[in-house]
Amino acid sequence: MVQLRTLGRLELLAGETSALRVLPAQPKPLALLAYLALATPGAPHRRDALLALFWPELGQEEARRALRQALHRIRYHVGDALIRTERDGQIALAGDGAWCDAIAFERALDAGRRGDALALYHGAFLDGVFVSDVSPDFEQWMDLTRARLCARAAAAAGELAEEVRRSGDHAASAKWAAQASRLALIGAVEQHGHGAFV
């Protein structure tokens with residue numbers, strides 16, 4: 001089982017759930033993996049678009065070599081089944097290739113399982129991750145994804161606070177309300193720092 005953790009930290013893990021081990025990898029291959037998983041889940045990505053996002057300063061041949069090396073590093077640690085290269089050169093993650101906390105978080109919210117979702121939210125998306133020499137478009141995608149996930153977590157915590165307040169559990173309501181306020185504040189700081197999100 002391969003796990004990609006992106007909330008609060010960026011880690012790639014493998015092994016049985018009871019004995020997961022952290023796989024060594026550089027930030028850019030992991031950021032590439034996160035992008036493949038989350039930008040358009042399940043859909044392939046054009047190779048030239050990935051080159052423009054992750055290696056905008058390099059010439060075409062150098063950028064292609066850098067992409068091949070990044071994919072090789074990932075495959076070295078997790079095997080060939082995780083990343084598919086289509087006949088037309090597009091690149092995608094295998095549908096059942098890996099579990100990703102951010103995808104699981106949003107699916108739990110979409111299914112109305114707010115408590116399960118918030119148990120996965122260990123912090124901001126790619127928190128503290130610096131990926132060198134990427135394009136502004138990748139940085140914008142990272143910022144927008146971080147803001148969206150934080151806003152959804154804040155809303156879920158607020159809804160849970162109201163739900164448990166109605167059931168009479170005022171201690172739990174206060175806990176969730178505090179979490180909602182903290183997440184809303186973090187989201188506002190992020191928004192202020194990176195401009196308005198549309």
Side-chain angles (χ1 to χ4, degrees), residues 1-13 17 20 22 27 30-45 49 53 92-131 134-198:
M1 174 62 167
V2 176
Q3 290 192 13
L4 177 63
R5 294 184 182 170
T6 62
L7 298 174
R9 59 193 172 279
L10 178 57
E11 289 180 331
L12 185 63
L13 302 100
T17 305
L20 284 167
V22 178
L30 285 182
L32 172 63
L33 192 56
Y35 184 82
L36 291 173
L38 289 164
T40 48
H45 299 265
L53 282 175
L93 289 191
D96 57 352
W99 176 90
C100 176
D101 57 358
I103 292 175
F105 166 77
E106 294 209 276
R107 284 180 179 163
L109 286 180
D110 292 344
R113 295 183 288 109
R114 292 184 291 267
D116 292 342
L118 289 168
L120 294 168
Y121 194 85
H122 296 291
F125 176 68
L126 301 190
D127 191 26
V129 172
F130 173 72
V131 186
V134 292
S135 78
D137 288 341
F138 175 77
E139 292 175 349
Q140 182 183 43
W141 171 80
M142 196 165 68
D143 291 340
L144 289 169
T145 302
R146 183 179 294 139
R148 184 187 80 244
L149 296 176
C150 185
R152 293 200 72 185
E159 289 161 6
L160 270 178
E162 180 60 23
E163 184 181 301
V164 295
R165 184 192 65 77
R166 285 196 302 269
S167 72
D169 189 342
H170 297 292
S173 177
K175 180 192 89 164
W176 288 119
Q179 185 168 347
S181 297
R182 183 179 60 80
L183 289 167
L185 180 61
I186 290 169
V189 169
E190 286 286 334
Q191 186 171 355
H192 180 71
H194 299 288
F197 293 109
V198 179

message: Arg107 vs Asp116, test: salt bridge (charged side-chain N to carboxylate O under 4.0 Å, His left out). Steps then yes/no.
response: CA-CA 10 Å; Arg107 284 180 179 163; Asp116 292 342; over 6 Å; no
In the structure I gave you, are the side-chain heavy atoms of [X] and [Y] within less than 4.5 Å of one another anywhere?
| X | Y | answer |
| --- | --- | --- |
| Asp143 | Gln140 | no |
| Glu106 | Leu149 | yes |
| Leu53 | Val134 | no |
| Cys150 | Phe125 | no |
| Glu163 | Arg114 | yes |

query: Checking side chain to side chain contact (heavy atoms under 4.5 Å, CB included) against Arg5, which of Leu13, Leu12, Leu30, Leu120 comes through?
result: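 The passing option is Leu13.
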Can you measure from [atom1] ([X]) to [atom2] ([Y]) and round to the nearest 0.5 angstrom?
| X | Y | atom1 | atom2 | result |
| --- | --- | --- | --- | --- |
| Tyr35 | Thr6 | OH | OG1 | 15.0 Å |
| Asp110 | Phe105 | CG | CZ | 9.5 Å |
| Leu126 | Leu38 | CG | CG | 8.0 Å |
| Phe130 | Leu10 | CZ | CG | 14.0 Å |

- request: Give a yes or no on whether the backbone of Asp127 and the side-chain of Arg146 come within a donor-acceptor separation of less than 3.5 Å.
  value: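 Checking the backbone N and O of Asp127 against the side chain of Arg146, no donor-acceptor pair under 3.5 Å is found.
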